[in-house]
Amino acid sequence: MNRHIAIYPGSFDPFTNGHMDIVHRGLEIFDTLIIAVASNSEKNSLFSVAERVDIISRLTQDNPRLKVETFDGLLVDYVVAKKARVILRGLRAVTDFEFEFQLAQMNHTVCPQAETLFMMTSPKFAYLSSSIVKEVGRLNGDISKFVPPLVKEALEQKFSQTP
Ligand code: ADP
């Protein structure tokens, strides 16, 4: 079991500056951070899991302490397979809390070795979510403050394909 690895799971559809903030701050604490894209998030997603992994890998390729993977099935099984202990999650508003609390309790009950650690959002990203970025982008709003340039390009391309 490796105490210095943390898993940062999510849908990342798409990856935003809020996600990047958690990643950078996570790297200050853990030796290795695995950004784990949930395969079961394919349903109703804008980007396929492969597209999301590709985008995040390109955004983080300069850092050898960051890995990007996908996982199927139960998150805690993946955590055990990676010999990790920590699941890193971000918390924004109180509205995130109830679901995250339930999930963390469930994961810890199913797998006592898994500890979920929460990082409070940086205030400047408190309002930011993948879904709001998609909504603004779909309506041709300027999303350059919300996502890295690579994600902006990918979103623009997506929206030019999908009517
Ligand atoms: P999920 O569908 O698992 O919630 P998301 O991609 O929406 O996946 O989010 C992944 C993680 O990143 C979650 O822990 C979420 O709370 C966190 N997160 C998303 N946006 C922000 C933000 N703006 N600030 C801090 N944490 C965030």
Side-chain angles (χ1 to χ4, degrees), residues 5-30 32-60 63 65-79 81-82 84-108 110-111 114-138 141-152 154-155 158:
I5 297 179
I7 311 282
Y8 179 36
S11 323
F12 308 111
D13 183 46
F15 199 81
T16 68
N17 292 341
H19 294 130
M20 194 60 107
D21 179 62
I22 297 288
V23 166
H24 284 142
R25 290 163 60 204
L27 282 173
E28 298 285 321
I29 295 167
F30 302 103
T32 301
L33 203 62
I34 305 178
I35 302 171
V37 181
S39 293
N40 63 7
S41 61
E42 188 88 62
K43 256 194 322 192
N44 301 324
S45 68
L46 181 63
F47 292 94
S48 70
V49 169
E51 286 171 325
R52 281 176 265 162
V53 168
D54 176 61
I55 290 171
I56 304 168
S57 304
R58 286 197 278 148
L59 289 170
T60 57
N63 196 326
R65 296 199 288 125
L66 265 179
K67 294 183 169 48
V68 186
E69 299 189 353
T70 62
F71 71 96
D72 272 326
L74 276 186
L75 173 62
V76 287
D77 289 342
Y78 174 73
V79 170
K82 291 284 140 187
R85 279 204 76 167
V86 172
I87 299 168
L88 181 64
R89 297 282 289 173
L91 269 187
R92 284 159 296 186
V94 190
T95 41
D96 277 348
F97 180 78
E98 197 153 314
F99 175 68
E100 292 292 341
F101 179 72
Q102 192 181 18
L103 202 65
Q105 297 283 332
M106 174 55 83
N107 283 335
H108 191 65
V110 174
C111 174
E115 289 290 354
T116 306
L117 296 188
F118 293 99
M119 230 175 224
M120 291 299 159
T121 180
S122 299
K124 61 179 174 184
F125 299 126
Y127 63 91
L128 195 54
S129 68
S130 297
S131 35
I132 204 143
V133 166
K134 282 184 280 195
E135 204 155 316
V136 174
R138 190 172 277 127
D142 182 6
I143 50 169
S144 46
K145 287 201 178 78
F146 312 141
V147 293
L150 188 71
V151 176
K152 181 173 182 262
L155 273 167
K158 247 326 154 195

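We count ligands from 1, going down the list as the structure has it; atoms in each ligand are counted the same way.
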- Item | Within reach of ligand 1, part of Pro9 (heavy-atom separation under 4.0 Å) | backbone
- Message: I need the nearest protein heavy-atom contact for atom 2 (O) of ligand 1: residue, atom name and distance, please.
- Response: Ser11 OG, 2.5 Å
- Just need the protein heavy atom nearest to atom 24 (N) of ligand 1, so name the residue and atom and give the distance. Thr121 OG1, 3.0 Å
- shortest atom 6 (O) of ligand 1-to-protein heavy-atom contact is with Phe12 N, 2.8 Å
- Task: Please write down residue, atom name and distance for the protein heavy atom closest to atom 21 (C) of ligand 1.
- Result: Arg92 CD, 3.6 Å
- Task: Considering heavy atoms of the protein only, find what lies nearest to atom 23 (N) of ligand 1 and give residue, atom and distance to 0.1 Å.
- Result: Phe125 O, 2.8 Å
- Message: Measuring from non-hydrogen atoms of Ile22 to any atom of ligand 1, is the shortest distance under 4.0 Å?
- Response: yes
- ligand 1 contact on His19 by region, counting heavy-atom pairs under 4.0 Å: side chain
- Message: If you count every heavy atom of other residues, nucleotides or ligands that lies below 6.0 Å from Tyr127 atom OH, does the total exceed 12?
- Response: yes
- Task: Tell me which protein heavy atom sits closest to atom 16 (O) of ligand 1, plus the residue, atom name and distance to 0.1 Å.
- Result: Gly90 O, 2.6 Å
- Note on the structure: Gly10 heavy atoms within 4.0 Å reach ligand 1 at atoms 3 (O), 8 (O), 10 (C)
- Message: Show the nearest heavy-atom pair for residues Asp96 and Gly90, with the distance to one decimal.
- Response: OD2-O, 4.4 Å
- Query: Are the side chain of Ser130 and the backbone N or O of Pro14 linked by a donor-acceptor pair below 3.5 Å?
  - Reply: yes
- Item | Whether Tyr8 lies under 4.0 Å from ligand 1, heavy atom | yes
- Can you tell me if Thr121 uses its side chain to pair, donor with acceptor, with the backbone of Leu91 under 3.5 Å? no
- Item | Test item: Ser122 side-chain N/O and Phe125 main-chain N/O as donor-acceptor pair under 3.5 Å | no
- Nearest heavy-atom neighbours spanning Leu59 and Val151: CD1-CG2, 3.9 Å
- Give a yes or no answer on whether the side chain of Thr16 reaches the backbone of Gly18 with a donor-acceptor pair at less than 3.5 Å. yes
- Could you list the atoms of ligand 1 found under 4.0 angstrom from a heavy atom of Gly18? 22 (C), 23 (N)
- May I ask you to decide if Pro9's main-chain N or O and Arg89's side chain share a donor-acceptor pair within less than 3.5 Å? yes
- Which atom names give the shortest non-hydrogen contact between Val37 and Ser11, and what distance separates them? CG1-O, 4.0 Å
- Message: Under 3.5 Å between any N/O of Ala126 and any N/O of ligand 1: does that happen in this structure?
- Response: no
- Taking heavy atoms and a distance under 4.0 Å, where does Tyr127 meet ligand 1: side chain, backbone, both or neither? neither
- Message: Considering only residues two or more places apart or on different chains, which pairs with a residue in residues 6-23 satisfy salt bridge (charged side-chain N to carboxylate O under 4.0 Å, His left out)?
- Response: Asp13-Arg52, Asp13-Lys134, Asp21-Arg25
- Item | Option nearest atom 3 (O) of ligand 1 (shortest heavy-atom distance, choices Glu100, Met120, Arg89) | Arg89
